[in-house]
**Student:** 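Quick one: structure below, then a few questions.
Labels below follow one simple rule: chain letters A, B, ... track the order of the sequence lines, proteins then strands, and each chain is numbered from 1.
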Amino acid sequence: MAMSDLTLPRAHTPERATSESLLARIALIGTAGCFLAAVLFLPLIVVFVEGFRKGAEVFFDSFTDSDTLAAVRLTLLVAAIAVPFNAVFGLSASWAIAKFSFKGKNLLLTLIDLPFSISPVISGLVYVLLFGAHGWLGHWLKANGVEIIFAVPGIVLATVLVTFPFVARELIPLMQSQGTAEEEAALTLGASGWHTFFNVTLPNVKWALLYGVLLCNARAMGEFGAVSVVSGHIRGLTNTMPLHIEILYNEYNFVAAFAVATMLAGLALVTLAAKTLLEWRFSHSLAAAHRH
Amino acid sequence: MALISLPRLREPSVLPGFGLALGFAVAALCLVVLLPLAALVLHALSIGPAEFLSIATDTRTLSALRLSFGTAFIAAVINAVFGLLLAWVLVRYSFPGRRLIDAAVDLPFALPTAVAGIAMAAIYAPNGVIGSLADKVGLKIAYTPLGITLALVFIGLPFVVRTVQPVLEEVEQDIEEAAALLGASRLRTVLQVVLPHIYPALLTGFALAFARGVGEYGSVIFIAGNIPQVSEIAPLLIVIKLEEFDYGGATVIATLMLAISFAMLFVINALQARSSRKYGNV
């Protein structure tokens with residue numbers, strides 16, 4: 001660098017050997033931008049354009065339909081059960097896996113990630129085979145008057161299965177990197193086990209927990225395939241928002257379908273914004289993979 | 001208790017709550033994941049081999065599997081190329097809107113698949129924004145395997161970007177300087193020095209996008225048109241069999257899907273291990 005200061009002035013600045021020429025950079029950024037615009041942004045924009053195609057009044061009218069409101073309520077109910085359950089599971093699994101060393105840990109980690117490699121439709125199918133009318137427990141359930149498939153419990157179970165790993169896989173790597181020194185100190189100073197957990201461990205992982213809960217919630221509210229298989233699509237009773245979108249769409253009620261879709265798209269945007277904020281502000285307290 | 005009876009199963013620790021935490025986690029795992037999957041395996045085993053084979057070799061089953069795996073493979077290849085490009089642009093260059101694009105890459109993770117599905121159908125239908133343009137040149141996108149592939153490209157993109165990005169960030173610029181000093185052109189440096197470090201991560205991203213694409217349902221069924229043996233994907237065929245109360249048929253297709261997926265992931269893992277050994281982990 002010092003050399004170039006001494007030599008004769010150049011017509012243009014030299015290109016750095018470890019970067020591409022300006023032209024190549026512009027071409028690469030342009031290609032990436034066009035690809036993103038066509039693949040990612042266009043579908044998002046279309047959801048809002050189609051929702052408002054017949055004006056704001058028709059758009060807002062879509063939400064006064066009682067079946068739509070029932071779908072919104074059911075989606076909120078399912079998420080309100082599935083997300084806390086998976087948060088508690090994530091906390092207990094990460095406590096056992098990250099703070100202790102025991103045989104079979106790797107197997108446990110693999111099994112926790114298993115739902116990610118199964119098609120959502122298969123996640124629904126397994127519950128039908130277990131609890132359905134012709135399933136393994138179907139006759140016993142029917143004799144005892146318990147409804148799981150084509151009812152709310154089945155929808156909750158399928159949602160729990162699909163979103164099972166979300167919180168655990170955020171917490172495990174972080175708690176592993178934090179070690180056990182702080183908990184040991186608290187215990188040495190006389191704190192009880194629960195006291196240590198709530199006042200030492202939980203504050204250390206709270207942002208990662210929130211991160212996992214956000215992703216878990218987005219998937220729980222938006223899950224389609226698994227829920228579609230177990231729901232039975234009974235309007236007003238077992239239709240979640242994504243299923244209601246399908247019904248409206250298949251009835252050619254496009255404005256209403258896209259109007260309900262804008263709510264879920266809005267949820268996705270809020271999730272992304274909150275997630276990005278967490279990554280920027282609290283990157284030091286998230287797992288290593290999210291430190292951008 | 002466990003410590004006394006089975007002393008070698010875990011290292012001693014002063015922290016409490018191991019039994020409770022592990023107990024709850026394993027119980028939840030068994031009830032939510034393992035028991036239902038066992039029902040699938042048991043059901044598959046209860047179908048006789050002859051019947052299993054006749055469902056598995058049915059032309060409708062075979063074309064659905066071929067379509068699901070074929071479109072997922074092509075979409076994963078497209079995602080590997082453009083995902084690598086995106087990761088490169090996001091890591092190496094600074095330009096206005098970079099952070100926005102970085103955040104937006106996760107949109108397919110956050111957007112419910114049914115929403116993406118009806119949006120894609122609206123775009124690529126013959127009267128849609130892009131569909132009408134394609135229609136003029138005689139190209140049909142919606143209700144064909146091409147439309148399915150496009151939906152899977154949307155779904156799989158973040159997997160490649162998010163696995164390649166952190167590895168690319170870790171690559172030391174020293175090796176590029178060394179390559180340049182030794183006289184390599186920039187293109188050769190990128191292709192032969194930088195990219196080999198990325199291959200294992202790229203392969204992982206490809207595998208994740210591929211696996212997700214094979215099982216994807218919500219974003220595909222609206223654009224697919226679901227014409228048997230033309231644009232009917234395997235997950236949809238499972239749903240159709242279930243609606244006909246054909247549990248056996250649904251189970252066989254699901255078992256085949258899982259078996260092929262796991263076999264492919266196994267091969268990809270082996271390839272990845274080989275490429276990590278060859279180039280070393282960064």
**Student:** Checking heavy atoms, do the side chain of B/Thr113, its backbone, both or neither come under 4.5 Å from chain A?
**Tutor:**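 Backbone plus side chain of B/Thr113, per the 4.5 Å heavy-atom cut-off to chain A.
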**Student:** Identify which part of B/Phe245 has an atom lying under 4.5 Å from any heavy atom of chain A, answering side chain, backbone, both or neither.
**Tutor:**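 For B/Phe245, side-chain heavy atoms alone lie under 4.5 Å from chain A.
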**Student:** Kindly give the heavy-atom pair with the smallest separation between B/Tyr124 and A/Ala38, and that separation in Å.
**Tutor:**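 Closest pair (atom of B/Tyr124, atom of A/Ala38, distance): OH-O, 4.4 Å.
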**Student:** Is chain A contacted by the side chain of B/Leu208, its backbone, both, or neither, given a heavy-atom distance below 4.5 Å?
**Tutor:** neither
**Student:** Output the option from A/Thr276, A/Leu28, A/Val47, A/Ile245 having the highest count of non-hydrogen pairs under 4.5 Å with chain B.
**Tutor:** A/Leu28
**Student:** What residue, out of A/Lys99, A/Glu184, A/Glu183, A/His134, has the most heavy-atom pairs lying under 4.5 Å from chain B?
**Tutor:** A/His134
**Student:** Determine, using ring centers only, whether A/Phe89 and B/Phe24 are less than 6.0 Å apart.
**Tutor:** no
**Student:** What is the minimum heavy-atom distance between A/Trp136 and B/His43, and which atoms define it?
**Tutor:**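 Minimum heavy-atom contact is CZ2-N, 3.8 Å.
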**Student:** Side chain from CB out, backbone as N, CA, C, O: work out which of these in B/Leu157 comes under 4.5 Å of a heavy atom of chain A, or both, or neither.
**Tutor:** side chain
**Student:** Out of A/Leu157, A/Leu111, A/Val229, return the one with the most heavy atom pairs under 4.5 angstrom to chain B.
**Tutor:**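 So the answer, after comparing A/Leu157, A/Leu111, A/Val229, is A/Leu111.
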**Student:** Once you round to the nearest 0.5 Å, how far does CZ of A/Phe254 lie from CD1 of B/Ile118?
**Tutor:**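 Output value for this atom pair is 9.0 Å.
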**Student:** Using a cut-off of under 4.5 Å for heavy-atom pairs, which of A/Gly222, A/Gly193, A/Ser101, A/Pro242 has the most such pairs with chain B?
**Tutor:**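 Sorted descending by pairs with chain B, the first entry is A/Ser101.
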**Student:** Which bit of B/Leu242 comes within less than 4.5 Å of chain A, counting heavy atoms only: side chain, backbone, both or neither?
**Tutor:**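 Just its side chain gets close to chain A.
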**Student:** State the CZ-OG distance between B/Arg212 and A/Ser119, to the nearest 0.5 angstrom.
**Tutor:**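 With rounding to 0.5 Å, CZ (B/Arg212) is 9.0 Å from OG (A/Ser119).
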**Student:** Does any heavy atom of chain A fall under 4.5 Å from the side chain of B/Val190, the backbone, both, or neither of them?
**Tutor:**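 Looking at B/Val190, just its side chain touches chain A.
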**Student:** Go through B/Val32 and A/Tyr127 one step at a time and tell me if the side chain to side chain contact (heavy atoms under 4.5 Å, CB included) criterion holds.
**Tutor:** CA-CA 9 Å; B/Val32 173; A/Tyr127 281 109; 3.7 Å; yes
**Student:** Side chain, backbone, both or neither: which part of A/Val260 has a heavy atom under 4.5 Å from chain B?
**Tutor:**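 Neither; nothing under 4.5 Å.
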**Student:** If you check every heavy atom in residues 252-260 of chain B against those of chain A, which residues fall under 4.5 Å?
**Tutor:**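 Interface residues of residues 252-260 of chain B: B/Ala254, B/Met257, B/Leu258.
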**Student:** Given a strict heavy-atom distance threshold of 4.5 Å, which part of B/Ala116 is in contact with chain A: side chain, backbone, both, or neither?
**Tutor:** neither
**Student:** Considering only heavy atoms, which portion of B/Ala103 lies under 4.5 Å from any heavy atom of chain A: side chain, backbone, both, or neither?
**Tutor:**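 Both backbone and side chain.
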**Student:** Could you tell me which of A/Ala261, A/Ala218, A/Ala273 has the largest number of non-hydrogen atom pairs under 4.5 Å with chain B?
**Tutor:** A/Ala261
**Student:** Quick check: closest heavy atoms across B/Tyr247 and A/Leu129, and the distance to 0.1 Å?
**Tutor:** CD2-CD2, 3.9 Å
**Student:** Under a 4.5 Å heavy-atom cut-off, does chain A meet the side chain of B/Ile130, its backbone, both or neither?
**Tutor:**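 For B/Ile130, side-chain heavy atoms alone lie under 4.5 Å from chain A.
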**Student:** Using non-hydrogen atoms and a 4.5 Å limit, figure out which bit of B/Val115 sits close to chain A: side chain, backbone, both or neither.
**Tutor:** both
**Student:** Relative to chain B, which of A/Leu130, A/Ile118, A/Ile97, A/Thr262 shows the most heavy atom pairs under 4.5 Å?
**Tutor:** A/Leu130
**Student:** Only pairs of heavy atoms separated by less than 4.5 Å count here; which of B/Ile238, B/Val14, B/Leu29 has the most with chain A?
**Tutor:**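 Between B/Ile238, B/Val14, B/Leu29, the count favours B/Leu29.
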**Student:** Given a strict heavy-atom distance threshold of 4.5 Å, which part of B/Val41 is in contact with chain A: side chain, backbone, both, or neither?
**Tutor:** neither
**Student:** Check the angle between the aromatic planes of A/Phe35 and B/Phe82 and answer parallel, tilted or perpendicular using the 30° and 60° thresholds.
**Tutor:** parallel
**Student:** Measure distances from B/Phe154 to the heavy atoms of chain A and classify the residue's part below 4.5 Å as side chain, backbone, both or neither.
**Tutor:** both
**Student:** Given that the side chain runs from C-beta out, which part of B/Leu187 has a heavy atom under 4.5 Å from chain A: side chain, backbone, both or neither?
**Tutor:** neither
**Student:** Is it the backbone or the side chain of A/Pro115 that comes under 4.5 Å from a heavy atom of chain B, or both, or neither?
**Tutor:** side chain
